[in-house]
Amino acid sequence: MSGMTTTPSAEPITAERFLHMPENEGAELVDGRIVEVPGSALASWLAGELFYRVWTAARGSRIWIFPPGTGLQLGAATVRKPGLTVVSRQKLPRLDDLWLTVVPDLVAEVVSPGDEAEDLERKLLDYREAGIPLIWVIYPNTHTAQVLTLDARFDVGPDGVLEGRDILPGFSCSLHDLFAAAEAEA
């Protein structure tokens, strides 16, 4: 499987135009260019499982939790689609039919076999430049993760835990349990 594929176009596309294009399914908009995002069944399942765990733990709290593939506009011509997005209701009092345009409190990415390192780093840079305070990056092949905050980046080993910090107080997700759940479903 190859990395992201960019669809050539004569001029950059805006996020608003991208919203109404059928090509936006399974793709992101990066600097006005449509980019196909590789995926895998395992990565999709893990993102869904993580969404379920966060949603269950945070139910009734004052946050919105968005599932994999929800569009996050990070500029006039950039739309990313994280595996999980968490936004406080203070930032987003109501929902509309457009992309999310506020800076989320947390995003998670689950790396697929076809993801290129350079493309992933670009995506993480977009998130950091937007000011997202907590980013989880999950690596299914190694059963590990990385956690990025506004001022640090650290690795989480196979026996480690993803923590919600002050964004999801009290939330934790054992990587061992997350990957064991995937293996149990197989």
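All figures in this text were calculated on a predicted structure; none of them were measured in a lab.
Under the side chain to side chain contact (heavy atoms under 4.5 Å, CB included) criterion, Thr70 pairs with Phe66, Pro67, Leu100, not counting sequence neighbours. The side chain to side chain donor-acceptor pair (under 3.5 Å) search around Asp126 returns Arg80, Arg122, not counting sequence neighbours. Applying the side chain to side chain contact (heavy atoms under 4.5 Å, CB included) criterion to Arg89, with sequence neighbours excluded, gives Arg62, Trp64. For the side chain to side chain contact (heavy atoms under 4.5 Å, CB included) test, residues two or more places apart in sequence or in another chain that qualify with Ala58 are Ser61, Ile63, Ile65, Leu168. In this structure Tyr139 satisfies the ring-ring contact (aromatic ring centres under 6.0 Å, His included) test with no other residue, sequence neighbours excluded. Legend: residues meeting side chain to side chain donor-acceptor pair (under 3.5 Å) with Arg128, ordered by chain and number and at least two apart, are absent. The side chain to side chain contact (heavy atoms under 4.5 Å, CB included) test applied to Pro169 returns no partner, not counting sequence neighbours.
Screening Leu29, Thr101, Leu98, Val102 for a side chain to side chain contact (heavy atoms under 4.5 Å, CB included) involving Gln73 leaves a single residue, Thr101. Results of the side chain to side chain contact (heavy atoms under 4.5 Å, CB included) test with Val110 over Pro82, Pro140, Pro68, Ser40 single out Pro140 as the only residue that passes.
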Check the pair Lys91, Asp105 against salt bridge (Lys or Arg N to Asp or Glu O under 4.0 Å), reporting the backbone distance first and the verdict last. CA-CA 9 Å; Lys91 292 180 182 178; Asp105 299 291; 2.9 Å; yes
Please walk me through it: do Val107 and Leu84 pass side-chain contact (heavy atoms from CB on, under 4.5 Å)? CA-CA 5 Å; Val107 295; Leu84 169 75; over 6 Å; no
Could you walk me through whether Tyr127 and Val137 pass the side-chain contact (heavy atoms from CB on, under 4.5 Å) check? CA-CA 12 Å; Tyr127 291 156; Val137 185; over 6 Å; no
Under the side-chain contact (heavy atoms from CB on, under 4.5 Å) criterion, do Ile34 and Val79 qualify, and how do the steps go? CA-CA 9 Å; Ile34 298 172; Val79 176; over 6 Å; no
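Contact between Leu50 and Ala108 at its shortest, heavy atoms only, is CD2-CB, 3.8 Å. For the residue pair Phe171 and Ala57, the shortest heavy atom distance occurs at CD1-CB, 3.5 Å. Considering every non-hydrogen atom in both Pro158 and Thr144, the closest pair reads CD-CG2, 3.7 Å.
Taking CZ of Phe179 as the start and CD of Glu183 as the end, the distance is 9.0 Å to the nearest 0.5 Å. Distance CD/Glu109 to CG/Leu120: 7.0 Å, rounded to 0.5 Å. The line from OG1 of Thr149 to CD1 of Ile132 is 13.0 Å long, rounded to the nearest 0.5 Å. With values rounded to the nearest 0.5 angstrom, Arg33 atom CZ is found 16.0 Å from Glu28 atom CD.
Looking only at side-chain heavy atoms (C-beta outward), Ile13 and Met21 come within less than 4.5 Å of each other. Contact of the Val54 side chain with the Trp136 side chain is registered, since non-hydrogen atoms from C-beta on lie closer than 4.5 Å. Side-chain contact between Leu124 and Ile135 is present, with heavy atoms from C-beta onward closer than 4.5 Å. A heavy-atom distance below 4.5 Å is not found between the side chains of Pro12 and Asp31. Residues Leu72 and Pro104 are in side-chain contact: their nearest non-hydrogen atoms beyond the backbone lie under 4.5 Å apart. Put simply, the side chain of Val161 reaches to within 4.5 Å of the side chain of Ser172, judged on heavy atoms. Taking the side chain as every heavy atom from C-beta outward, Pro133 and Leu106 never approach each other to under 4.5 Å. A 4.5 Å side-chain heavy-atom check between Leu162 and Leu175 finds at least one atom pair inside the cut-off.
For CD of Glu23, the number of neighbouring non-hydrogen atoms (other residues, nucleotides, ligands) closer than 6.0 Å is greater than 12.
For residues 11-35, the set of pairs meeting the ring-ring contact (aromatic ring centres under 6.0 Å, His included) definition, not counting sequence neighbours, comprises Phe18-Trp99. Judged as a salt bridge (charged side-chain N to carboxylate O under 4.0 Å, His left out), not a single pair has a partner in residues 165-182 (not counting sequence neighbours). Applying the salt bridge (charged side-chain N to carboxylate O under 4.0 Å, His left out) test to pairs two or more places apart or on separate chains, those with a residue in residues 145-157 are Glu121-Arg153. Within the structure, every pair that satisfies the salt bridge (charged side-chain N to carboxylate O under 4.0 Å, His left out) test and touches residues 37-52, not counting sequence neighbours, is listed here: Glu49-Arg53.
Under a 3.5 Å cut-off, the side chain of Ser112 and the backbone N or O of Asp115 do not form any donor-acceptor pair. Side chain of Thr78 to backbone of Leu74: no donor-acceptor contact under 3.5 angstrom is found. Side chain of Lys81 to main chain of Asn24: a donor-acceptor pair is present (N/O by atom type, distance under 3.5 Å, no hydrogens or angles).
Leu42 and Val111 are members of different hydrophobic clusters when ILVMFWY side chains are connected at heavy-atom separations under 4.5 Å.
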